[in-house]
Amino acid sequence: MDRLVIRGGRRIEGSVQVRGAKNAALPQIAAALLSFERLELGNVPEVTDVDTMLALMGEFGMVATRGSGRALALDAREARNAVAPYDMVRRMRASILVLAPLLTRFGSARVSMPGGCAIGARPIDLHLKALDALGAEIDIEAGYIQARTKNGGLRGGRVVLTTPSVGATETALMAATLARGETEILNAARDPEVCDLALCLTAMGAHIQGAGTHRMLVQGVDALHNARHDLLTDRIEAGTYAVAAAITGGNLEILGAHLEHLGSVGAVLESTGTQIWPTDRGLMVVRSGPLQAIDVVTEPYPGFPTDLQAQFMALMTIASGASVIRETVYESRFMHVPELGRLGANISLQGSTALVRGVERLHGAEVMATDLRASVSLVLAALVAEGETTINRVYHLDRGYESLDRKLVQCGADIRRVAE
Ligand code: EPU
């Protein structure tokens, strides 16, 4: 298990390239199972969650070939129905995204229930309700979801999501593409990654309207065909680098980033005293003045993303004043709080609300990464902590950030990766 040793106090400056979004790659790799023809994806990030998804696809006989420039060719011509085992689904919850494509293609699917997670209970009831609305028969047996279609396949229906779940919207969308007739998805998630899945499916021949709105309409087609699609860039990776520039009082151009994909994040950063503006190549982020504390509430897109909450909290630990951070998407995504405390942060937690009182300085310590975004918040805090910080269990980081330590080093950080 690698660890990172970070010596704080250097500004993050220069430019950094963001890659395709992990959370766009995962559903689109699963969607390749819907087709008897090839799907070529471009800009696929080299992160271990993508490797895990490809390993899962291997169980179903999908052939994945990586080409140059982060191209990925997916060939599911010889796909076979197989079980999505507990061991894989437990490791990566996004594995649940294979349920709809398997059910659509084979008329039945057996996928493990994911179980608990470090950031919240994360139930999958909305995925199952969406499939039920399209006529699937679903049973839970011994920790496995057993889904079947009746009367020759799924049929269009009305899917009403009680909360705009990203994954459940993606499940409904994938199932609806080949269902008979029209599907309406209400209270759909509007996230850029959902829109990107819709673009990919459309390139494959699906008929989808309303992506990016609360109401999506899908007209089922008989089959999908070969397609090529470049993934949109990772807004959470971009937001993380923006915080790296902001926390160190740096000056960074984030290549490939799009301000419009960041939702409310741009305005929030501006309120902290960080300037952020679009350039021809991406986004420029500069902080030269003092850092101000401001409050945030995480919300579904386009609200402030939960996937940037930990990074933003790291930023607030050294801001002037106090910041209230309320997490509304997950009930317990605060594993980074005690670890930030080890670096000298002053944070008190009450239920799903954190009160962060800015301190003059953080100091280096040994800390533990607990999940992807918690880990990166520790890296960000370590960039400004006095002395040396050691972050253990950084495999969490590698799940979703391509070469984070190398990229930060290129922008001036002092980081060593120590292999064990
Ligand atoms: N929810 C339910 N029932 C469901 C599905 C979701 O109650 O059937 C609840 C969840 O428990 C959660 C909320 O709805 O409280 C939102 O969950 P959502 O389904 O939107 O999340 P997801 O699809 O499981 C994706 C990202 C997450 C990101 C969330 C929210 C992928 C592969 N994962 O998860 O990314 O936090 O959307 O934006 O797209 C990450 O990258 O670090 C990460 C955790």
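Along the sequence shown, the residues carry numbers beginning at 1. Start at 1 and go down the list; that is how both ligands and their atoms are numbered.
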(request) Closest by any non-hydrogen atom to atom 38 (O) of ligand 1: pick that one out of Thr171, Thr328, Thr306. (result) Thr306
(message) Is there a salt bridge (charged side-chain N to carboxylate O under 4.0 Å, His left out) between Arg333 and Asp307? Walk through the geometry before answering.
(response) CA-CA 10 Å; Arg333 198 179 203 179; Asp307 292 345; 2.7 Å; yes
(message) Assess whether a salt bridge exists between Asp139 and Arg148, defined as any Lys/Arg side-chain N lying under 4.0 Å from an Asp/Glu carboxylate O.
(response) yes
(message) If you count heavy atoms of other groups shown closer than 6.0 angstrom to CZ of Arg158, is the number above 12?
(response) no
(message) Return the OG1 to CD1 distance between Thr274 and Ile276, rounded to the nearest 0.5 Å.
(response) 8.0 Å
(message) I'd like to check which ligand 1 atoms, numbered from 1 as shown, lie under 4.0 Å from a non-hydrogen atom of Leu372.
(response) 42 (O)
(request) Please check if any side-chain donor atom of Thr370 sits under 3.5 Å from a side-chain acceptor atom of Glu339, or the reverse. (result) no
(request) State the atoms of ligand 1, each with its element, that fall below the 4.0 Å cut-off from a heavy-atom position in Lys22. (result) 40 (C), 41 (O)
(request) Compare Pro114, Gly167, Pro123, Gly400 and give the one whose heavy atom is closest to atom 4 (C) of ligand 1. (result) Pro123
(message) Counting non-hydrogen protein atoms only, what is the nearest one to atom 3 (N) of ligand 1? Give residue, atom name and distance.
(response) Asp125 OD1, 2.7 Å
(message) By the definition side-chain hydrogen bond (donor to acceptor under 3.5 Å, both in side chains), identify the one residue from Asp51, Asp49, Thr52, Asp371 that meets it with Arg399.
(response) Asp49
(request) Tell me which protein heavy atom sits closest to atom 18 (P) of ligand 1, plus the residue, atom name and distance to 0.1 Å. (result) Val166 N, 3.6 Å
(request) For ligand 1, find out whether one of its N or O atoms is nearer than 3.5 Å to an N or O atom of Pro164. (result) no
(message) List ligand 1 atoms under 4.0 Å from Val329, heavy atoms only on the residue side.
(response) 12 (C), 13 (C), 15 (O), 16 (C)
(message) If we ignore hydrogens and angles and just use 3.5 Å, is the side chain of Arg287 paired with the main-chain N or O of Ala245 as donor and acceptor?
(response) no
(message) Return the closest protein heavy atom for atom 42 (O) of ligand 1 as residue, atom name and distance.
(response) Arg373 NE, 2.8 Å
(request) Could you point out which residue of Ile124, Val159, Leu97 forms a side-chain contact (heavy atoms from CB on, under 4.5 Å) with Thr171? (result) Leu97
(message) Taking distance alone, with N or O pairs closer than 3.5 Å, would you say Leu97 contacts ligand 1?
(response) no
(message) Check this for me, if you would: do Glu46 and Arg19 make a salt bridge, where the nitrogen-to-carboxylate-oxygen distance has to be below 4.0 angstrom?
(response) no
(request) If you have a sec, work out which protein heavy atom is nearest atom 19 (O) of ligand 1 and how many Å separate them, to one decimal? (result) Ser165 OG, 2.6 Å
(request) Please determine if Thr163 has a nitrogen or oxygen closer than 3.5 Å to a nitrogen or oxygen of ligand 1. (result) no
(request) Report the part of Arg333 (side chain from C-beta onward, or backbone N, CA, C, O) that has a heavy atom under 4.0 Å from ligand 1; answer both or neither where that applies. (result) side chain
(request) Among all protein heavy atoms, pick the one closest to atom 21 (O) of ligand 1 and tell me residue, atom and distance. (result) Tyr330 OH, 3.8 Å
(message) Can you tell whether the side chains of Arg235 and Asp191 come within less than 4.0 Å, N to carboxylate O?
(response) yes
(request) Examine Asp191 against ligand 1 and note whether any of their N/O atoms are separated by less than 3.5 Å. (result) no
(request) Identify, for atom 32 (C) of ligand 1, the protein heavy atom at the shortest distance, and state residue, atom and that distance. (result) Asn23 OD1, 3.3 Å
(message) Need the ligand 1 atom indices (1-based, order shown) with element for anything under 4.0 Å from a heavy-atom of His127.
(response) 8 (O)
(message) Less than 4.0 angstrom from a charged side-chain N to a carboxylate O is my criterion; do Arg417 and Asp398 meet it?
(response) yes
(request) State, to 0.1 Å, how close Ile12 and Thr248 come at their nearest heavy-atom pair, and which atoms those are. (result) N-OG1, 3.0 Å
(request) Considering only non-hydrogen protein atoms, determine which one is nearest to atom 8 (O) of ligand 1 and report residue, atom name and distance to 0.1 Å. (result) Leu126 N, 2.7 Å
(message) What I want to check is whether the side chains of Glu327 and Ser352 have a donor and an acceptor closer together than 3.5 Å.
(response) no
(request) For Ala94, take its heavy atoms, then give the atoms of ligand 1 lying under 4.0 Å from any of them. (result) 32 (C)
(request) Can you pull out the closest protein heavy atom to atom 22 (P) of ligand 1? Residue, atom name and distance to 0.1 Å, please. (result) Arg122 NH2, 3.9 Å
(request) Could you name the option among Thr162, Asp307, Thr298 that has the heavy atom nearest to atom 36 (O) of ligand 1? (result) Asp307
